[in-house]
Amino acid sequence: WKRRSSPAAPGIQPCQAFGRTLSAHPTLFNVLRTLRIYAVSIGAFFALDLVWLGVVASAFYARHLGDLLRPDVLWIPAILFYLMFVAGVVFFVTIPAAGSIRRAAWTGALFGLVTYATFDLTCLALFRDFPVIVVVVDLVWGAVLTGSVASVGAWWSRREALNTSR
């Protein structure tokens, strides 16, 4: 880490944001802190996506994807996706944001756009009659969801850094 003040938390060094100067066992402290950020981010992602898929957009997906949708969710692949995706958000977005909620929101939105595009644009390329409107809505949702989750993780990281430095 380059020694500089974080724009989100004046006076707190980025290395301090992850506990390097706050513990006699910095590696363990960083792992535990990262796991707490991960847990908060998993909760936020699951809650937001469940509301989106179960309430807000369920009729939209049923109308546009019809026979492609399963009548029941296969939970093991869904949970594996959540665990892996949120790990990527924490590792590639939240931790590099060093407590900056604004940076986490924008880089999270970009990360979400790119990762959701991987699925949606592949479906558009490979599946006959895959609806373009589903691609557009999914890309927007991926950006909003991931930006929001990364922001929650950055907020938690910043909160912990400020509480630990007192």
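Values below: every heavy atom of this structure, side chains too, minus hydrogens, waters and symmetry copies.
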Can you find a heavy atom in the side chain of [X] that is under 4.5 Å from one in the side chain of [Y]?
X	Y	answer
Trp52	Phe60	no
Tyr61	Asp138	yes
Leu65	Phe130	yes

Might you point out which heavy atoms bring [X] and [Y] nearest each other, and give the distance in Å?
X	Y	answer
Val40	Val152	CG1-CG1, 3.6 Å
Ile37	Ser157	CD1-CB, 3.7 Å
Asp120	Val135	O-CG2, 3.7 Å
Val93	Ala104	CG1-O, 3.6 Å
Gly153	Ser41	CA-OG, 3.8 Å
His64	Pro131	O-CG, 3.2 Å

Is it the case that more than 12 heavy atoms not belonging to [X] sit under 6.0 Å from its [atom1] atom?
X	atom1	result
Ile76	CD1	no
Arg63	CZ	yes
Asp67	CG	no

Side-chain donor or acceptor of Ser100 paired with backbone N/O of Ala97 under 3.5 Å: no

At what distance, to the nearest 0.5 angstrom, does [atom1] of [X] lie from [atom2] of [Y]?
X	Y	atom1	atom2	result
Leu53	Ser58	CG	OG	8.5 Å
Leu145	Leu113	CG	CG	12.5 Å
Leu83	Phe81	CG	CZ	10.5 Å
Ile79	Met84	CD1	CE	14.0 Å
Leu80	Leu74	CG	CG	11.5 Å
Leu68	Cys123	CG	SG	8.5 Å

Cluster check Val137, Val144: I/L/V/M/F/W/Y, side chain < 4.5 angstrom: yes

Val73-Val55 co-clustered via ILVMFWY side chain contacts under 4.5 Å: no

Residue pairs fulfilling ring-ring contact (aromatic ring centres under 6.0 Å, His included) with at least one residue in residues 99-124, sequence neighbours excluded: Phe85-Phe111, Phe85-Tyr116

Geometric class of the Tyr82/Phe45 ring pair [parallel <30°, tilted 30-60°, perpendicular >60°]: perpendicular

Stacked cation flag Arg158 on Trp155, 6.0 angstrom / 45 deg: no

Pair Val86-Phe46, side-chain contact (heavy atoms from CB on, under 4.5 Å): steps then yes or no: CA-CA 10 Å; Val86 175; Phe46 187 74; over 6 Å; no

